[in-house]
Colleague: 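I have a structure here, written as structure tokens, and I will follow up with some questions on it.
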Amino acid sequence: MRFDILSVLPELLESPFNHSILKRAQQKGLLEVHVHGLREYATGKHRQVDDYAFGGGAGMVMKVEPIAAGIEDLQKQRSYDEVIYTSPDGVRLDQALCNQLSLRQNILLLCGHYKGVDERIREKYVTLEVSIGDYVLSGGELAAAVLVDAVGRLIPGVLNDETSALFDSFQDDLLAPPVYTRPAEWRGLKVPDILLSGNDKWIDAWRLEQSLERTRIRRPDLYEKYLKGHV
Ligand code: SAH
């Protein structure tokens, strides 16, 4: 799977994909991430990528031409399954959407800045608008990094233990159960006996029970959804 990211601040994305799981995914040839500087597509002495908003008001707007040139240049080289704009008014990113996106081959991600991009870019090129939550970031790069991380780890073969993503929070509309590692006792706090029992059936049953309880208490909305799917 390949991500191309168009950004006015490509430096912001230098590190997030070069460690741990995402780094290994790239080394294994399962994931490619290419960051493209938007300013390279801007013309004129100052390579300007933003301008005043028509109608006035505070804040600059990202200009049409450099973004259009960037998207069209990338589209000449391959066809994209989605052109995603990161935006607070987009659909909320969740595990179900990550699962869907992990089945795509090529995704182009556009990061906004300032007041966002000229609306005509959204009308003409963007196929999906994604928000990572109800808060406003100063730029789309961190949102793009979140999306690439959450989607990239779902590509088959990326996680060492292939089944482990299945037991993460949200995969089955449930939160993950508590986890422990050695030592079995620390300052008088003991790991639940059942996890030391060696009995996989009991352990699975305990984990499911803990997941259900945690979800019921912390996320009643998810718990409702889970119950509806398990009648
Ligand atoms: N004026 C806009 C916010 C602009 S923030 C509004 O109120 O909707 C600047 C850029 O940061 C946006 O263009 C978008 O690309 C990115 N961004 C900000 N918050 C985001 C969020 N919650 N999810 C995804 N991208 C976000």
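Each ligand, and each atom within it, is numbered from 1 in the order the structure gives.
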Colleague: Apart from L174 itself, what residues make up its hydrophobic cluster when side-chain heavy atoms of I, L, V, M, F, W and Y under 4.5 Å apart count as a link, directly or indirectly?
Modeller: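 Listed partners: L208, L212, Y223, Y226, L227.
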Colleague: Using a strict 4.0 Å threshold on nitrogen-to-oxygen distance, state whether R120 and D118 make a salt bridge.
Modeller: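 So R120 pairs with D118 through a salt bridge.
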Colleague: Kindly give the cluster partners of Y180, where membership spreads through any ILVMFWY side chain lying under 4.5 Å from a current member.
Modeller: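 The other cluster members (ILVMFWY side chains, heavy atoms under 4.5 Å, direct or chained) are V191, I194, L195, L196, W202, I203, W206.
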Colleague: Any side-chain donor paired with an acceptor under 3.5 Å for Q171 and N99?
Modeller: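 Indeed, the side chains of Q171 and N99 share at least one donor-acceptor pair under 3.5 Å.
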Colleague: Under a 4.0 Å heavy-atom cut-off, what residues line ligand 1?
Modeller: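 Ligand 1 is contacted, at a heavy-atom distance under 4.0 Å, by Y85, T86, S87, P88, G112, H113, Y114, K115, G116, V130, S131, I132, G133, Y135, V136, L137, S138, G139, G140, A143.
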Colleague: Under a 4.0 Å threshold between the charged nitrogen and the carboxylate oxygen, would E213 count as salt-bridged to R216?
Modeller: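 Answer for the salt bridge query: yes.
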Colleague: Output every pair passing salt bridge (charged side-chain N to carboxylate O under 4.0 Å, His left out) with a member in residues 146-160, not counting sequence neighbours, ordered by first then second residue.
Modeller: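 Qualifying pairs: R153-D168.
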